[in-house]
A.B. asks: 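Sharing a structure here in structure tokens format.
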Amino acid sequence: MNKGIKLALTAAALLLLPITAAAGPASDRLFTEGVLRSVEPGTALIYSHVREGAEQTEAVRWIDDGELHVALQQGQDGSKEAVISMLSDGRIHREMSPLPVSIGNPILLTFLESSLRAMASITGGSPFYIRNRMKAALRDSGTVTAVKATIGDKTIDAEEITFIPFQHDKNRDRMGEFADLELRFIVSDQAPGGFILFSAQTRPHADGGVAFREEITYRTAMLGK
């Protein structure tokens with residue numbers, strides 16, 4: 001696996017692991033374990049992937065029409081593993097090493113790390129500071145709201161989990177448009193993999209544009225992908 005990818009996943013794991021020890025209701029729901037255990041090996045969960053914003057930097061590549069695939073497979077020791085593949089224009093441009101399903105849905109790891117890296121790159125802020133503040137917000141804040149969600153032609157019961165991680169940060173005036181960054185998730189026990197939506201977005205401009213938006217949306221599950 002690419003060294004940069006390894007580092008990203010390691011940093012994401014450092015972001016997540018301390019949260020599970022002392023979490024509030026929103027965090028408990030977000031980091032529920034075992035959401036992939038009911039998905040049989042040989043199945044791939046397919047997600048659409050969009051990333052856009054006001055500018056593109058070397059560290060932040062905009063994605064107009066991408067996909068993320070989470071493929072479930074049997075590991076060499078007999079345990080179930082998940083492999084994330086990132087696709088753009090129908091071609092795989094990144095595949096990550098297998099991760100244990102015990103960590104939950106591994107897209108959450110990569111999504112959070114992607115958001116904080118984008119923020120650090122665009123604002124010039126410290127990724128370590130941003131990571132620590134985001135970790136604290138995910139642990140201590142957040143709201144959970146019952147909603148209805150749609151998968152294909154089916155409407156299901158779900159929950160929307162929302163965080164505004166820098167809302168009360170003492171340095172928010174130095175964060176530009178990311179001061180009001182909103183992290184939003186839609187989760188449901190009826191959705192394979194537990195998640196229907198991962199969303200990070202700055203406050204929309206008057207013309208509808210944004211400094212940054214990334215969305216990963218569940219589409220379907222495919223056997224033998």
A.B. asks: Mind telling me whether F111 and F198 have parallel, tilted or perpendicular rings, with 30° and 60° as the class edges?
C.D. replies: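 Because their plane-to-plane angle lies in the 30° to 60° range, the rings of F198 and F111 count as tilted.
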A.B. asks: Just verifying a value: how many Å separate Q190 CD and T155 OG1, rounded to the nearest 0.5 Å?
C.D. replies: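 So the gap between those two atoms works out to 10.5 Å.
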A.B. asks: When you measure from the side chain of R219 to the backbone of S48, do you find a donor-acceptor pair of N or O atoms at a distance under 3.5 Å?
C.D. replies: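 Absent.
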A.B. asks: Could you please spell out the steps behind the side chain to side chain contact (heavy atoms under 4.5 Å, CB included) verdict for R117 and M119?
C.D. replies: CA-CA 5 Å; R117 283 176 175 269; M119 180 175 174; over 6 Å; no
A.B. asks: Which value, rounded to the nearest 0.5 Å, describes the distance between L223 atom CG and E40 atom CD?
C.D. replies: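 Rounded to the nearest 0.5 Å, the CG-CD separation comes to 5.5 Å.
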A.B. asks: Go through I107 and L68 one step at a time and tell me if the side chain to side chain contact (heavy atoms under 4.5 Å, CB included) criterion holds.
C.D. replies: CA-CA 8 Å; I107 287 184; L68 289 177; 4.1 Å; yes
A.B. asks: Could you tell me if E215 and H49 have a donor-acceptor pair between their side chains, going purely by distance under 3.5 Å?
C.D. replies: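 Their side chains do not contain a donor-acceptor pair, so the 3.5 Å distance test is not met.
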A.B. asks: What are the two closest non-hydrogen atoms of V101 and A82, and how far apart are they?
C.D. replies: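 Smallest interatomic distance, heavy atoms only, reads CG1-N, 4.3 Å.
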A.B. asks: Is it true that a side-chain atom of R172 and a backbone atom of F166 form a donor plus acceptor pair closer than 3.5 Å?
C.D. replies: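 Yes: the side chain of R172 pairs with the backbone of F166.
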A.B. asks: Determine whether D169 and Q167 make a side-chain contact, defined as any pair of heavy atoms from C-beta on separated by less than 4.5 Å.
C.D. replies: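 With C-beta onward as the side chain, the pair stays apart.
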A.B. asks: Provide the closest heavy-atom pair for I130 versus G125 in the form atom of the first, atom of the second, distance.
C.D. replies: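 Shortest heavy-atom contact: CD1-C, 4.4 Å.
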A.B. asks: Contact between L138 and L183 at the side-chain level, heavy atoms closer than 4.5 Å - yes or no?
C.D. replies: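 L138 reaches L183 side chain to side chain.
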A.B. asks: I'd like to know if the side chain of S114 and the backbone of T110 have a donor-acceptor N/O pair within less than 3.5 Å.
C.D. replies: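 No; zero donor-acceptor contacts below 3.5 Å.
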A.B. asks: Could you tell me whether the side chain of K80 and the main chain of P100 form a donor-acceptor pair under 3.5 Å?
C.D. replies: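 Not at all, since once roles are kept as given, no pair shorter than 3.5 Å links the two residues.
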A.B. asks: Give, for atom CD1 of I84 and atom CG of L109, the distance between the pair rounded to the nearest 0.5 Å.
C.D. replies: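 One finds 7.0 Å between CD1 of I84 and CG of L109.
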A.B. asks: Any side-chain donor paired with an acceptor under 3.5 Å for N105 and Y218?
C.D. replies: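 The criterion, which ignores hydrogens and geometry beyond distance, is not satisfied for Y218 and N105.
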A.B. asks: Looking only at side chains, do E182 and Q201 share a donor and an acceptor under 3.5 Å apart?
C.D. replies: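 On atom types as modelled, these side chains do not qualify, holding no pair under 3.5 Å.
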A.B. asks: Show the nearest heavy-atom pair for residues L30 and F195, with the distance to one decimal.
C.D. replies: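 So the two residues come closest at O-CZ, 3.4 Å.
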A.B. asks: Should F128 and L181 be counted in the same cluster of Ile, Leu, Val, Met, Phe, Trp and Tyr side chains packed under 4.5 Å apart?
C.D. replies: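 Each belongs to a different hydrophobic cluster.
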A.B. asks: Is it true that a side-chain atom of S121 and a backbone atom of A118 form a donor plus acceptor pair closer than 3.5 Å?
C.D. replies: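 Looks like no, no N/O pair under 3.5 Å.
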A.B. asks: Are V50 and L45 linked, directly or through intermediate hydrophobic residues, by side-chain heavy-atom contacts shorter than 4.5 Å (ILVMFWY only)?
C.D. replies: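 No.
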A.B. asks: Please determine which of R184, K148, R29 meets the salt bridge (Lys or Arg N to Asp or Glu O under 4.0 Å) test together with E159.
C.D. replies: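 Testing each of R184, K148, R29 against E159, the sole residue satisfying salt bridge (Lys or Arg N to Asp or Glu O under 4.0 Å) is R29.
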A.B. asks: Could you report the tightest heavy-atom contact between I196 and A191, atom names first, then the distance?
C.D. replies: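 Nearest heavy atoms, I196 then A191: CG1-CB, 3.7 Å.
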A.B. asks: Please report the interatomic distance CD1(I63) to CZ(R51), rounded to the nearest 0.5 Å.
C.D. replies: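 CZ of R51 is found 4.0 Å from CD1 of I63.
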A.B. asks: Could you check whether any side-chain N or O of S188 sits under 3.5 Å from a backbone N or O of D157, counting only pairs where one atom can act as donor and the other as acceptor?
C.D. replies: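 Yes; at least one donor-acceptor contact below 3.5 Å.
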A.B. asks: More than 12 foreign heavy atoms under 6.0 Å from CG of D153: is that the case here?
C.D. replies: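 12 or below, so no.
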A.B. asks: Working to the nearest 0.5 Å, report the span between CD1 of I216 and CZ of F185.
C.D. replies: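 Going from CD1 on I216 over to CZ on F185, the span is 9.5 Å.
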A.B. asks: Apply side chain to side chain contact (heavy atoms under 4.5 Å, CB included) to the pair T145 and T162, showing each step before the final yes or no.
C.D. replies: CA-CA 9 Å; T145 305; T162 304; over 6 Å; no
A.B. asks: Test your reading of the model: is there a side-chain donor-acceptor pair from T202 to the backbone of F212, 3.5 Å cut-off?
C.D. replies: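 Judged by distance alone, yes, a pair lies under 3.5 Å.
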A.B. asks: State plainly whether one hydrophobic cluster holds both M175 and I164, where clusters connect Ile, Leu, Val, Met, Phe, Trp and Tyr through side-chain heavy atoms under 4.5 angstrom apart.
C.D. replies: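 In one cluster: no.
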A.B. asks: Closest heavy-atom contact between A26 and T143?
C.D. replies: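 A26 and T143 have their closest heavy atoms at CB-N, 4.1 Å.
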A.B. asks: Measuring from atom CZ of R131 to atom CG of L112, what distance do you get when rounded to the nearest 0.5 angstrom?
C.D. replies: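 CG of L112 is found 10.5 Å from CZ of R131.
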A.B. asks: Any chain of hydrophobic side-chain contacts (each under 4.5 Å) joining L197 to L36?
C.D. replies: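 Hydrophobic grouping puts L197 with L36.
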A.B. asks: Applying the 4.5 Å side-chain criterion to the ILVMFWY set and letting contacts propagate, would I186 and V144 be lumped into a single cluster?
C.D. replies: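 Result: yes, single cluster for both.
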A.B. asks: What is the minimum heavy-atom distance between P106 and V70, and which atoms define it?
C.D. replies: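 Of all heavy-atom pairs spanning P106 and V70, the closest is CG-CG1, 4.3 Å.
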A.B. asks: Passes side chain to side chain contact (heavy atoms under 4.5 Å, CB included), M222 versus I46? Steps please.
C.D. replies: CA-CA 7 Å; M222 298 181 65; I46 312 299; 4.0 Å; yes
